[in-house]
Amino acid sequence: MPEDQARRAMPEWQDTGAPVSSLASRALSVLAARRGARVTGLSEPFLSELEETVRHGGVDDRRRLIDRMRAARLDDVALADHYIPEVARRMGAAWCEDSMSFAEVTIGSARLQGMLREIGESWATARRAGGGPSVAVIVPADEYHTLGAMVLTGQLRRRGVSVRLVLGRPEPELRAMVASLHFDAIFLSISHTEKVAQASAMVDTVRSAARSSIPVVIGGVAMKDDSETMALTGADHATNDPDEALCRCGLVVGGARQTRSGGG
């Protein structure tokens with residue numbers, strides 16, 4: 001697809017706050033890193049059709065496919081947590097193998113994220129009886145992956161957590177946000193292994209801006225051994241499991257305080 005056509009398809013990214021020139025990195029950083037991953041137990045016909053639809057179909061085609069998948073008793077959790085990420089991984093692998101172009105993967109990834117936003121609308125607006133913890137999920141300004149953070153956001157919201165997803169905002173904006181709003185925890189997502197050590201500056205930023213002591217959790221593709229990541233970044237916890245992250249932060253979900261035995 002010619003570059004000018006690719007750029008005309010970019011409005012689906014506008015709400016991320018990222019410059020158009022960064023879209024390739026957004027689309028490919030996590031996808032390429034996970035190219036060897038495979039998810040079992042999923043419908044291969046639906047996976048193939050989903051990939052074809054995000055590559056060549058329109059908005060109505062994608063919505064009709066979602067309706068058919070739901071009619072086949074695939075719930076929105078399966079779509080958001082398994083089918084969409086698996087198609088993203090397959091596109092990343094196709095790019096690495098030179099069977100998909102820069103523009104195709106970029107636009108296809110943007111469309112997958114659009115589907116995630118639509119699927120997760122009810123989770124974002126649902127009211128929780130008695131309230132729940134508030135968490136910020138932050139993708140730093142020099143990181144350009146978002147799909148994984150969006151999947152995490154949906155998982156947390158389904159657990160009764162109020163989530164503010166912050167994508168690629170500059171440090172002054174992050175500092176102002178953390179200073180003006182109350183969060184019970186900050187989840188920081190890092191995709192590139194070479195950025196893990198540099199994440200310590202981000203940890204210092206959110207800690208110094210917060211009005212009170214707040215736990216910082218690091219996760220993402222680049223996360224190594226828990227203790228190593230924590231030592232490199234100064235984060236309180238390091239995990240890619242949302243339930244474990246909530247437990248380690250001691251947050252209240254569904255009326256019960258989540259705790260983790262054995263410390264940590």
Side-chain angles (χ1 to χ4, degrees), residues 10-33 106 109-110 113 116-117 124 133-157 161-224 226 228-240 242 245-246 248-249 251:
M10 294 309 177
E12 292 180 77
W13 287 82
Q14 288 177 352
D15 67 341
T16 66
V20 170
S21 61
S22 298
L23 295 181
S25 297
R26 277 189 183 275
L28 301 176
S29 60
V30 173
L31 307 185
T106 300
S109 185
Q113 294 194 56
L116 268 180
R117 284 193 294 272
S134 177
V135 167
V137 174
I138 299 176
V139 178
D142 59 350
E143 293 275 347
Y144 297 114
H145 65 288
T146 59
L147 192 141
M150 291 176 69
V151 171
L152 170 63
T153 295
Q155 292 171 335
L156 292 172
R157 285 172 174 163
V161 179
S162 175
V163 184
R164 187 180 185 95
L165 179 60
V166 185
L167 305 175
R169 308 316 303 172
E171 181 179 329
E173 289 188 27
L174 288 179
R175 186 178 293 277
M177 180 197 69
V178 173
S180 62
L181 301 175
H182 170 76
F183 295 108
D184 296 298
I186 301 287
F187 290 5
L188 182 62
S189 181
I190 304 294
S191 68
H192 296 290
T193 54
E194 64 269 21
K195 298 289 185 180
V196 170
Q198 297 177 25
S200 61
M202 179 65 66
V203 173
D204 290 341
T205 293
V206 298
R207 279 219 182 99
S208 62
R211 292 176 292 179
S212 59
S213 177
I214 182 172
V216 179
V217 182
I218 288 226
V221 174
M223 200 197 75
K224 303 177 182 178
D226 287 15
E228 181 182 357
T229 302
M230 291 162 60
L232 287 170
T233 64
D236 299 287
H237 311 291
T239 178
N240 282 327
L246 293 171
R248 291 189 178 191
C249 294
L251 297 182

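Along the sequence shown, residues carry numbers from 1.
With rounding to the nearest 0.5 Å, the separation of OG in Ser200 from CE in Met230 is 14.0 Å. To the nearest 0.5 Å, the span separating CE on Met177 from CZ on Arg169 amounts to 10.5 Å.
Two residues are said to be in side-chain contact when any heavy atoms from C-beta on lie closer than 4.5 Å; Val139 and Val166 fail this criterion. With a 4.5 Å cut-off on side-chain heavy atoms, Ile190 and Leu188 count as touching. Residues Ile218 and Val203 form a side-chain contact, since some pair of their non-hydrogen atoms from C-beta on lies under 4.5 Å apart. For the pair Cys249/Phe187, a side-chain contact is recorded, criterion being any heavy-atom separation below 4.5 Å from C-beta on. Between Leu152 and Pro242, the closest side-chain pair of non-hydrogen atoms falls below 4.5 Å.
Contact between Arg211 and Leu181 at its shortest, heavy atoms only, is NH2-C, 3.5 Å. The heavy-atom pair separating His182 from Ser134 by the smallest distance is O-OG, 3.4 Å. Gly220 approaches Ser189 most closely through the heavy-atom pair CA-OG, 4.2 Å. Residues Arg248 and Ala238 share a closest heavy-atom pair of NH1-O, 3.5 Å. Taking every heavy atom of both residues into account, Val206 and Ile138 meet most closely at CG1-CD1, 4.2 Å. Here the shortest heavy-atom pairing between Met150 and Leu165 reads CG-CD2, 3.8 Å.
A donor-acceptor contact closer than 3.5 angstrom links the side chains of Ser208 and Arg175.
The only member of Val217, Ile214, Val161 that meets side-chain contact (heavy atoms from CB on, under 4.5 Å) when paired with Val135 is Val161.
By the 6.0 Å contact criterion, CZ on Arg164 is open, its count of non-hydrogen atoms from other residues, nucleotides or ligands being 12 or less.
Using modelled atom types, one side-chain atom of Asp236 and one backbone atom of Val216 make a donor-acceptor pair closer than 3.5 Å.
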